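Structure record follows, encoded as structure tokens.
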Protein chains: 2
Amino acid sequence: MGTANAISADLIAVLVAVTAGCPRVLTIRDGLALPSGRFEPGHRSLQAGLRAWVEQQTRHPLGYVEQLYTFADGERISQAGHRAISISYLGLTRQGSGETCGSAIWHDWYRYFPWEDHRGGRPEMIELLLGPRLRGWADAPGERAARHQRGQRIAINFGLDGHTWNDELVLQRYELLYEAGLVAAAGKAMEADHRRILATGIARLRAKIRYHPVVFELMPPDFTLLQLQRSVEGIAGRLIHKQNFRRLIEQQALVEETGEIATATGGRPAKLFRFRRQVLDDRAVAGAKLPVVRA
Amino acid sequence: MGTANAISADLIAVLVAVTAGCPRVLTIRDGLALPSGRFEPGHRSLQAGLRAWVEQQTRHPLGYVEQLYTFADGERISQAGHRAISISYLGLTRQGSGETCGSAIWHDWYRYFPWEDHRGGRPEMIELLLGPRLRGWADAPGERAARHQRGQRIAINFGLDGHTWNDELVLQRYELLYEAGLVAAAGKAMEADHRRILATGIARLRAKIRYHPVVFELMPPDFTLLQLQRSVEGIAGRLIHKQNFRRLIEQQALVEETGEIATATGGRPAKLFRFRRQVLDDRAVAGAKLPVVRA
DNA sequence: CGTATTATACTCTTATTGAGCATAATAGGA
DNA sequence: TCCTATTATGCTCAATAAGAGTATAATACG
């Protein structure tokens, strides 16, 4: 156990908040990196280490923290000598009043993945920019089988040729673009593997909101059902049928009325609701799914 | 970056195989520990490190590897000085002919979690042993609210008081028994956190077989539908309606007939099937769910 | 008072899923 | 040979969940 075996561990956070239906991620260095800090022997645990420095970046407590993935550098970037392990986390918080301390800035996550936002229909950039260049990449190999396989992957991941768009394949799409050498062609860049880690976080959150009531970690205490819906839509990157959304929320008793009415935002005033924290006990980790269509 | 900051990383494997519908896990030291090895700078990646020593334990290739969880020791066991990080993996393999090299032994995983096997109905030990002792633990606190909360947790996790059994709550149940000081009361023990890691692996696998065709990593090349069903049942720890199982497998085109017939095992001979490897391309990571009831 | 906008209540159709019945094909004994 | 046990396989039915649309209620604003 000399220094030859010595390694270090970095904690990297994908910290998410949603403002007015817009999902944001906390970044540093002008949006080029995710906040991260070294794990030190003084930290009680990995999560404690993460929380320790996250509180230096934002005043809000992390409502929910979940581990994403651990990897050693050199899995992509070969490097001599000292090895570093990166442990990434997904954290959910409310973007309240006092934040953006120092150089930390909240960025719309679709700035990094513009092709992931289908709320206004399929983004044009898929047909106009990515599609053609992906097809070029798919036609490159000499063997017919390899070409076909690439074509298939593209169709499935990007919902082409009769396939439907699957909003959970964020990471797979990023990997595909990476292999095709296209990640620089669209969306804002990040240092090292950070953009890939962000993709992992988005994918995880999109998958999670379907069967676990985590959206509420991102909501203010009181909210209307439309605000809730907009948050889910922002995360999923697609629109939801309003009436069905309400049906599901209500029949699962995820929320209760506060008794108050929202000051109208342009139409009939809406009832205000709050999350029934008890459901976290009730269903334990299981159940409690949100809509977000399936096919 | 003196030695003060130095940490080490261990790779721990939950290596699973299924024989005749019986799920097994590879263990060392007489079933007391999961195989694990130190991550070394020479390893190309964490997974490469894992594969490197797993091949010293079993001749079979890992068909499927998935990261489980990373934690620092001291999250449970406080320790002075040098810190170690543990990165655990779930690996699936086929238990073929040449294995159990050295001290490695395959053990039925229900030996460690006997309350998890509901294939023959709810295990008696829940009513007779765990139930009463859990209730004793639930009645201990002074405050009424705490007692109620504990009672709720027990009911939900163990499917009592009208709640249905949820086979995915393996880890939650283990944690509950741990808090109640009952893990020594039932099931075989393991060193350090290994039993908890195993619980994590079982939970992950049970969740995964529902929407991802990973069972096939555990099957021989050719198999009957009943053999496949028995494997799923073994993993899930519960029985499945046979006809519905076949319906789902077939309508999803997960398998294709080999054209051969199994030498009868007691009744009408069954067709042999093989996994359609192409579905792994087709659906990418998504879709392809197995049954295993829900409520 | 009409229009735009959002809220909320129902209805209808289609899949999916849990459960069961019925029949087919084999082995083994009476 | 026939009866029984056992597994395979095909099909129906009812209950639920999910996608999609229609209709009506409240508000603000001109």
Side-chain angles (χ1 to χ4, degrees), chain A residues 20-21 118 164-167 209-211 222-233 236 238-273 283 286-295, chain B residues 20-21 118-119 164-167 209-211 222-233 236 238-273 286-295:
Chain A
H118 288 229
T164 54
W165 176 260
N166 182 337
D167 54 78
I209 50 170
R210 298 186 180 216
Y211 59 92
D222 294 0
F223 49 83
T224 69
L225 291 183
L226 187 59
Q227 285 165 348
L228 181 64
Q229 182 182 343
R230 292 286 178 245
S231 294
V232 174
E233 289 175 335
R238 50 163 61 186
L239 298 179
I240 298 172
H241 182 103
K242 191 193 243 182
Q243 296 92 319
N244 291 348
F245 181 80
R246 305 174 103 263
R247 174 174 64 187
L248 199 48
I249 298 294
E250 286 177 340
Q251 86 186 9
Q252 293 203 134
L254 292 176
V255 298
E256 62 193 359
E257 300 183 15
T258 65
E260 291 181 74
I261 302 284
T263 52
T265 34
R268 172 175 170 176
K271 292 181 192 161
L272 281 174
F273 293 83
R283 306 183 206 206
K289 62 184 167 184
L290 275 288
V292 190
V293 299
R294 50 178 166 180
Chain B
H118 288 230
R119 285 174 295 181
T164 53
W165 176 259
N166 182 339
D167 53 78
I209 49 169
R210 300 189 178 213
Y211 59 90
D222 294 0
F223 48 83
T224 69
L225 292 182
L226 186 59
Q227 286 166 348
L228 181 64
Q229 182 182 342
R230 292 285 179 246
S231 294
V232 174
E233 288 175 337
R238 50 163 61 189
L239 297 180
I240 298 172
H241 182 103
K242 191 194 242 181
Q243 296 92 319
N244 292 347
F245 180 81
R246 305 174 102 263
R247 175 174 63 188
L248 200 48
I249 297 294
E250 285 177 341
Q251 86 187 9
Q252 293 204 135
L254 292 176
V255 299
E256 62 191 0
E257 300 183 13
T258 66
E260 291 181 72
I261 303 284
T263 51
T265 35
R268 171 174 169 176
K271 290 181 193 161
L272 281 174
F273 293 84
K289 63 185 168 184
L290 275 289
V292 188
V293 299
R294 48 178 169 180

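Just so we're clear, the structure is a prediction, and the values are computed from it rather than from any experiment. The chains referred to below are lettered A, B, ... by the order of the sequence lines, with proteins before strands, and numbering in each begins at 1.
- Counting to the nearest Å, the C1' atom of D:dA17 and the CZ atom of A:Phe245 are 17 Å from each other.
- As rounded to whole Å, 18 Å separates atom P of C:dC10 from atom CG of A:Leu248.
- With respect to B:Asp222 and B:Lys271, no salt bridge is recorded, no charged nitrogen being found less than 4.0 Å from a carboxylate O.
- Summarising the geometry, the separation between CG on A:Leu228 and P on C:dA7 is reported as 12 Å, rounded to the nearest angstrom.
- C:dT17 atom P lies 12 Å from atom CZ of B:Arg210, rounded to whole Å.
- Under a 4.0 Å N-O distance rule, the pair B:Arg119/B:Glu233 does not qualify as a salt bridge.
- The two atoms that bring B:Arg238 and B:Trp165 nearest to each other are NH2-O, 2.7 Å, heavy atoms only.
- For the residue pair A:Thr258 and A:Phe273, the shortest heavy atom distance occurs at CG2-C, 3.7 Å.
- Each of B:Gln251 and A:Phe273 lies near DNA chain C, and the nucleotide nearest A:Phe273 is the one positioned closer to the 5' end.
- Going from atom CD of B:Gln243 over to atom P of C:dG18 covers 13 Å, rounded to whole Å.
- Atom CZ of A:Arg247 and atom P of C:dT8 are 16 Å apart (whole Å).
- If you take NE2 of B:His241 and P of D:dT12, they are 15 Å apart, rounded to a whole angstrom.
- Across the protein-nucleic acid pair, B:Arg246 atom CZ and C:dG20 atom C1' stand 16 Å apart, rounded to whole Å.
- Contact annotation: B:Arg268 side-chain N/O to C:dA24 OP1/OP2 distance is not under 4.0 Å.
- Closest approach to the A:Lys271 side chain among C:dT6, D:dT9, C:dT8 is made by C:dT8 (side chain taken as heavy atoms from C-beta onward).
- In terms of phosphate contacts, B:Lys242 brings no side-chain nitrogen or oxygen within less than 4.0 Å of OP1 or OP2 of D:dT7.
- The residue B:Leu225 sits apart from the nucleic acid: no heavy atom pair falls under 4.0 Å.
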